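Okay, structure first, notes after.
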Amino acid sequence: MNLSTLVRTSLPHLPPLHSTHSTRDNVTENVAIEARNVNFSVNTRQGKIFPILKDCSIRIPSGQLWMLLGPNGCGKSTLLKILAGLLTPTSGNLFVRRPKSYVFQNPDHQVVMPTVEADVAFGLGRSNLTNAEVRSRVLKALDAVGMSEYLQRPVQTLSGGQKQRVAIAGALAEACKVLLLDELTTFLDESDQIGVIKSVQNLLDISGDVTALWVTHRLEELEYADGAVYMEDGKVVMHGDAASMSKFIKAKQSSYISHINS
Ligand SMILES: Nc1ncnc2c1ncn2[C@@H]1O[C@H](COP(=O)(O)OP(=O)(O)OP(=O)(O)O)[C@@H](O)[C@H]1O
């Protein structure tokens, strides 16, 4: 297979950079996340500029689960942190629907309160909700990630995957519309990994308008996604639906194997 035929870096039809847009073709597109021509550089100790992200453009429709894939060090986490607002790009344009929430890789960096209920309710502390409204939101959010029976459990008794699901429930309780998930499955065993992906998939099905972008380097997780972005060396080299991405990566792998066997 000729790889160049599969590489699609340009976005389907430009305009957006805001959530709902009618294109010239009268197609309504609901965009939850968009980055256009984003660059990010750091200054080295030697006073040189080191580019990390190079002209990255992505567009993710509302209500979908997308993966951000690519080899170690290609810039996935940096792009995710820029989308989360934790880093400022050197140049480029961004749109991310709000409220948005960034969930950390290490589950122990995420859950802070002694019980599951208190942890999920934590972010609602500054809201004007009554106790009954807080409890109802907490229960609904825990239900969406399959953790409602763990309401009174001390968080230190949970597995890594359960802690991550509690962290995601916390974001949902705050009515978050965009979930930015940074290699959540890195610290988890296989059953926990599948549990976390399935709970994200399930909550997207239930809510309809929550969008998730999931950073990973595990290609097998692609089967749970609607679409994916593949990066290499700070650049977006492929952007498309999950089936096309799977073909693209398989072609890449066989081309690599043929190369090392030749
Ligand atoms: N503040 C920084 N200063 C210098 N280099 C940095 C900085 N932040 C990131 N980098 C470098 O930028 C590149 C991209 O890092 P990033 O963590 O975004 O990659 P990644 O694709 O998420 O990697 P991994 O899959 O290993 O987590 C790496 O080479 C990293 O070492």
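Since the structure is predicted, the reported quantities are computational estimates derived from the model, not experimental observations. Reckoned from all heavy atoms, side chains included, excluding hydrogens, waters and symmetry mates. Note that ligands are numbered from 1 as they come in the structure, with each ligand's atoms numbered from 1 the same way.
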- Message: Closer than 4.0 Å and a protein heavy atom, does any atom meet both conditions relative to atom 6 (C) of ligand 1?
- Response: yes
- Task: Specify the protein heavy atom at minimum distance from atom 29 (O) of ligand 1: its residue, its atom name, and the distance to 0.1 Å.
- Result: Gly73 O, 3.7 Å
- Task: Mind jotting down which residue pairs meet the ring pair (Phe, Tyr, Trp, His ring centres under 6.0 Å) criterion with at least one end in residues 100-146? Sequence neighbours excluded, please.
- Result: Tyr102-Phe104
- Query: Does atom 24 (P) of ligand 1 have any protein heavy atom closer than 4.0 Å?
  - Reply: yes
- Min over Ile82, Ile52, Val42 of heavy-atom distance to atom 9 (C) of ligand 1 lands on Ile52
- Message: Tell me which pairs pass ring pair (Phe, Tyr, Trp, His ring centres under 6.0 Å) where either residue lies in residues 51-72, with sequence neighbours left out.
- Response: Trp66-His239
- Query: Less than 3.5 Å between some nitrogen or oxygen of Phe50 and one of ligand 1, yes or no?
  - Reply: no
- Item | Any side-chain donor near an acceptor of the partner, Asp209 and Ser62, under 3.5 Å | no
- Query: Which protein heavy atom lies closest to atom 15 (O) of ligand 1, and at what distance to 0.1 Å?
  - Reply: Thr78 OG1, 3.7 Å
- Would you call Lys235 and Asp55 a salt bridge, using N to O less than 4.0 angstrom? no
- Message: Measuring only between side-chain heavy atoms, which start at C-beta, is Tyr230 closer than 4.5 Å to Ile249?
- Response: yes
- Do me a favour and list the nearest non-hydrogen protein atom to atom 26 (O) of ligand 1 with residue, atom name and distance? Asn72 ND2, 3.0 Å
- Could you tell me whether a side-chain N or O of Glu174 sits under 3.5 Å from a main-chain N or O of Ala171, the two making a donor and an acceptor? no
- Have a look at Gly234, Pro51, Ser77 and point out the one with the heavy atom closest to atom 22 (O) of ligand 1. Ser77
- Message: Check this for me: does any side-chain nitrogen of one of Glu183 and Arg218 sit under 4.0 Å from a carboxylate oxygen of the other?
- Response: no
- When you measure from atom 19 (O) of ligand 1 to every protein heavy atom, which one gives the shortest distance, and what is it? Gly75 N, 3.3 Å
- What part of Glu183, side chain, backbone, both or neither, has a heavy atom within less than 4.0 angstrom of ligand 1? side chain
